[in-house]
Novice: 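Have a look at this one.
Bear in mind the structure is a predicted one, so any value in this text is a computation, not a measurement.
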Amino acid sequence: TCVAPGFVLEVIQVLNEENLSNLSSQLSKVQIDRCTYDSSVQAGYIYLLQPKPTSHVEDLQRGVVDTFAFAAPYWFNIDVDQSGSIYGIEFLGRRDVFDKLREAHML
């Protein structure tokens, strides 16, 4: 089940509006690995469970290689890895997302 369905739907809608449907389609299949939140800067990060890499992917640079930033009114960033998969979602000043993650004991 989705921890923050409203937020996920918002992210999907924004990605589709920005012609990034290749990323939005991934969100229906991903699972949350872990989440972090730094209250001093009101920023959190949702780490997505990454599939086991193939030997080809293991040879490539690991981690984030591109970030798609969405400022007001959305305040989130999508990090993408070398293979074009969503690595994680950063949310900034989004108390609504923080509250949902806390209620689900993800933080």
Novice: Would you mind reporting whether L15 and F70 have side-chain heavy atoms less than 4.5 Å apart?
Specialist: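 SC-SC contact between F70 and L15 confirmed.
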
Novice: Less than 4.0 angstrom from a charged side-chain N to a carboxylate O is my criterion; do R95 and D99 meet it?
Specialist: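 Here R95 pairs with D99 in a salt bridge, since their nearest N and O are under 4.0 Å apart.
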
Novice: Just say parallel, tilted or perpendicular for the rings of Y37 and F91, cut-offs at 30° and 60°.
Specialist: parallel

Novice: Donor-acceptor pair, R34 side chain versus L48 backbone, under 3.5 Å?
Specialist: no

Novice: Would you give the length of the straight line joining atom OH of Y74 to atom CD of Q13, rounded to the nearest 0.5 angstrom?
Specialist: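 One finds 6.5 Å between OH of Y74 and CD of Q13.
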
Novice: Is the shortest heavy-atom distance from the side chain of K100 to the side chain of F7 under 4.5 Å?
Specialist: no

Novice: I32 versus L49: any side-chain heavy-atom pair under 4.5 Å?
Specialist: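 They are not in contact (no side-chain heavy atoms under 4.5 Å apart), so the answer is no.
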
Novice: I'd like to know whether the aromatic ring centres of Y47 and Y45 sit less than 6.0 Å apart in this structure.
Specialist: yes

Novice: How does the hydrophobic cluster around L9 look, that is, which other residues are in it when side-chain heavy atoms under 4.5 Å mark a link?
Specialist: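 Reading the cluster by chain and number, L9 sits alone, since nothing else belongs.
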
Novice: Distance from D66 atom CG to Q82 atom CD, nearest 0.5 Å?
Specialist: 10.5 Å

Novice: First locate atom CD1 of I12, then atom OG of S25, and finally report the distance between them rounded to the nearest 0.5 Å.
Specialist: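 So the CD1 of I12 and the OG of S25 are separated by 9.0 Å.
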
Novice: Examine the side chains of T67 and D79 and answer whether a donor and an acceptor come within less than 3.5 Å of each other.
Specialist: yes

Novice: Give, for atom CE of M106 and atom CG of L101, the distance between the pair rounded to the nearest 0.5 Å.
Specialist: 7.0 Å

Novice: State, without any angle test, whether N16 and S24 hold a side-chain donor-acceptor pair at a distance under 3.5 Å.
Specialist: yes

Novice: Any heavy-atom pair between the side chains of I86 and L27 that's under 4.5 Å?
Specialist: yes

Novice: Whether the side chain of Q26 engages the backbone of N22 through a donor-acceptor N/O pair (distance < 3.5 Å, no angle test) should be reported.
Specialist: yes

Novice: Answer whether the closest heavy-atom distance between the side chains of V11 and F76 falls below 4.5 Å.
Specialist: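 In contact.
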
Novice: How far apart are the C-alpha atoms of V80 and F68, what are their side-chain angles, what is the distance that settles it, and do they pass the side chain to side chain contact (heavy atoms under 4.5 Å, CB included) test?
Specialist: CA-CA 8 Å; V80 178; F68 297 91; 3.6 Å; yes

Novice: Would a 4.5 Å heavy-atom cut-off, applied to side chains only, mark Q42 and L92 as touching?
Specialist: no

Novice: Can you give me the closest heavy-atom contact between G84 and L23, atom names plus distance?
Specialist: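 Nearest pair, atom of G84 first, then L23: O-CD2, 3.7 Å.
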
Novice: Any donor-acceptor pair under 3.5 Å linking the side chain of S85 with the backbone of D81?
Specialist: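 No: the side chain of S85 does not pair with the backbone of D81.
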
Novice: Please report the interatomic distance CD1(I78) to CG(L20), rounded to the nearest 0.5 Å.
Specialist: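 With rounding to 0.5 Å, CD1 (I78) is 9.0 Å from CG (L20).
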
Novice: State plainly whether one hydrophobic cluster holds both V97 and W75, where clusters connect Ile, Leu, Val, Met, Phe, Trp and Tyr through side-chain heavy atoms under 4.5 angstrom apart.
Specialist: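 Different clusters.
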
